[in-house]
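To keep things clear, I will list the structure first and then write my remarks on it.
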Amino acid sequence: IQPNGLSASWEAGDELAPWARNSAGEYTLENQLFKMHGYDDARGFFTSTLPESMPQGRYTYISCYPYPASVNGTKAVFNIPSTQDGKASGGVDVMISDPVEHDALEAFPIPDDHSTMRMEMNRMMHQFRFYVPEEDQLLGDEKIERIYMTFPAGITGNVTFDVEDPSLPSEISDGQADIALELAQPIGVSKGDTYEYACLAFAPTKFEEGQSLQITKAYTD
């Protein structure tokens, strides 16, 4: 997550897992590992070595980020840790693409040729972002480096999405309600129009009226 608390960007080492379904409804690619070979502020570029050439024809492609911990058909399991870095990095910001119609994938073109298949990724997780308000009188010039909080239900753990139909509700197993943020970028008091955000990514979860989030401790150095 970028400093504005909303925009996201790719990082070196990110990986995708595409599926490719042919006109007969059969999957030619399933959970194929694609690794990043480059990125800029808005786009990531990914390649893979296929076990064999794809038969010519039109395919429907869907893809997810990060590479799943496990899959069962089109159901993908992602491990969302209960300790995060406040930037929603390292694969906790699960994304699933819109379906894309495209021909069989072919050899990677020259690096500056961006004419190959493009996919738009949709973020599937809730994001809880927060800052220290300007009227805070306690923090002074110090910065918060570590935060512990407890949610009223398990929000992290093994989260399952159906990449073929991401509108279906996600499923959580081994859900964890106690969360730790070890901030990669500590936050201080936000002043004026400059906000210092920290962010937590967690699985879509329903809370009941009257339940509350508890911030148990926050630490400076």
Side-chain angles (χ1 to χ4, degrees), residues 1-2 7-81 88-127 156-174 201-204:
I1 300 297
Q2 294 301 298
S7 303
S9 60
W10 297 104
E11 293 182 319
D14 283 338
E15 298 174 341
L16 296 179
W19 281 251
R21 187 177 65 242
N22 62 23
S23 57
E26 302 165 333
Y27 282 95
T28 303
L29 296 181
E30 295 184 81
N31 192 36
Q32 176 72 27
L33 175 61
F34 273 63
K35 296 185 177 183
M36 174 179 284
H37 76 268
Y39 63 96
D40 60 25
D41 289 341
R43 300 172 298 181
F45 308 97
F46 297 84
T47 60
S48 181
T49 300
L50 303 184
E52 57 186 7
S53 297
M54 296 178 66
Q56 292 301 309
R58 296 290 288 180
Y59 293 85
T60 299
Y61 293 88
I62 48 178
S63 186
C64 67
Y65 166 86
Y67 191 76
S70 63
V71 298
N72 182 8
T74 59
K75 287 190 173 183
V77 178
F78 305 90
N79 180 257
I80 308 303
S89 61
V92 302
D93 193 14
V94 176
M95 297 188 286
I96 298 176
S97 73
D98 291 329
V100 172
E101 298 288 333
H102 196 271
D103 292 333
L105 300 180
E106 296 182 346
F108 174 58
I110 60 174
D112 291 335
D113 182 349
H114 300 154
S115 64
T116 51
M117 182 177 65
R118 296 176 178 228
M119 309 186 93
E120 295 286 336
M121 306 297 289
N122 302 294
R123 293 154 77 178
M124 305 303 298
M125 306 294 283
H126 283 330
Q127 295 191 8
T156 63
N158 293 317
V159 183
T160 301
F161 290 96
D162 190 336
V163 298
E164 189 172 50
D165 188 358
S167 66
L168 295 174
S170 60
E171 302 173 6
I172 303 179
S173 61
D174 303 320
F202 63 92

Quiz item: What's the verdict on side-chain contact (heavy atoms from CB on, under 4.5 Å) for F202 and V159, showing C-alpha distance, side-chain angles and the deciding distance?
Solution: CA-CA 9 Å; F202 63 92; V159 183; over 6 Å; no
Practice problem: Under the side-chain contact (heavy atoms from CB on, under 4.5 Å) rule, what do I96 and N122 come out as? Steps first, then yes or no, please. | Solution: CA-CA 5 Å; I96 298 176; N122 302 294; 5.6 Å; no
Self-check item: Close side-chain approach of L29 and L105, heavy atoms under 4.5 Å
Solution: yes
Quiz prompt | Listed partners of E171 passing side chain to side chain contact (heavy atoms under 4.5 Å, CB included), at least two apart | solution = K75, T160
Quiz item: How about P66 and V94: do any of their side-chain heavy atoms sit closer than 4.5 Å?
Solution: yes
Quiz prompt | I1 and Q127, any side-chain heavy atoms less than 4.5 Å apart | solution = yes
Self-check item: Listed partners of Y39 passing side-chain hydrogen bond (donor to acceptor under 3.5 Å, both in side chains), at least two apart
Solution: none
Quiz item: Among T60, N22, T74, whose side-chain contact (heavy atoms from CB on, under 4.5 Å) with Y27 holds?
Solution: T74
Quiz item: Looking only at atom types and distance, does a side-chain atom of S48 sit under 3.5 Å from a main-chain N or O of L33, one as donor and one as acceptor?
Solution: yes
Exercise. Sequence neighbours left out, what passes side-chain hydrogen bond (donor to acceptor under 3.5 Å, both in side chains) with N31? Give chain and number order.
Key: Y67
Quiz item: Does the side-chain contact (heavy atoms from CB on, under 4.5 Å) test come out yes or no for D93 and R123, once each step is laid out?
Solution: CA-CA 7 Å; D93 193 14; R123 293 154 77 178; 3.2 Å; yes
Exercise. Count the heavy atoms belonging to other residues, nucleotides or ligands that lie under 6.0 Å from CD of E101, then report whether that count exceeds 12.
Key: yes
Self-check item: Sole residue of W10, F161, F46 in ring-ring contact (aromatic ring centres under 6.0 Å, His included) with Y65
Solution: W10
Quiz item: Out of curiosity, D162 CG to S170 OG, how far, rounded to the nearest 0.5 Å?
Solution: 11.5 Å
Practice problem: Test R58 against D103 for side-chain contact (heavy atoms from CB on, under 4.5 Å), laying out the working first. | Solution: CA-CA 5 Å; R58 296 290 288 180; D103 292 333; 2.8 Å; yes
Quiz prompt | Side-chain touch Q32/P51, heavy atoms, less than 4.5 angstrom | solution = yes
Exercise. Report yes if some heavy atom in the side chain of V100 is under 4.5 Å from a heavy atom in the side chain of M117; otherwise report no.
Key: yes
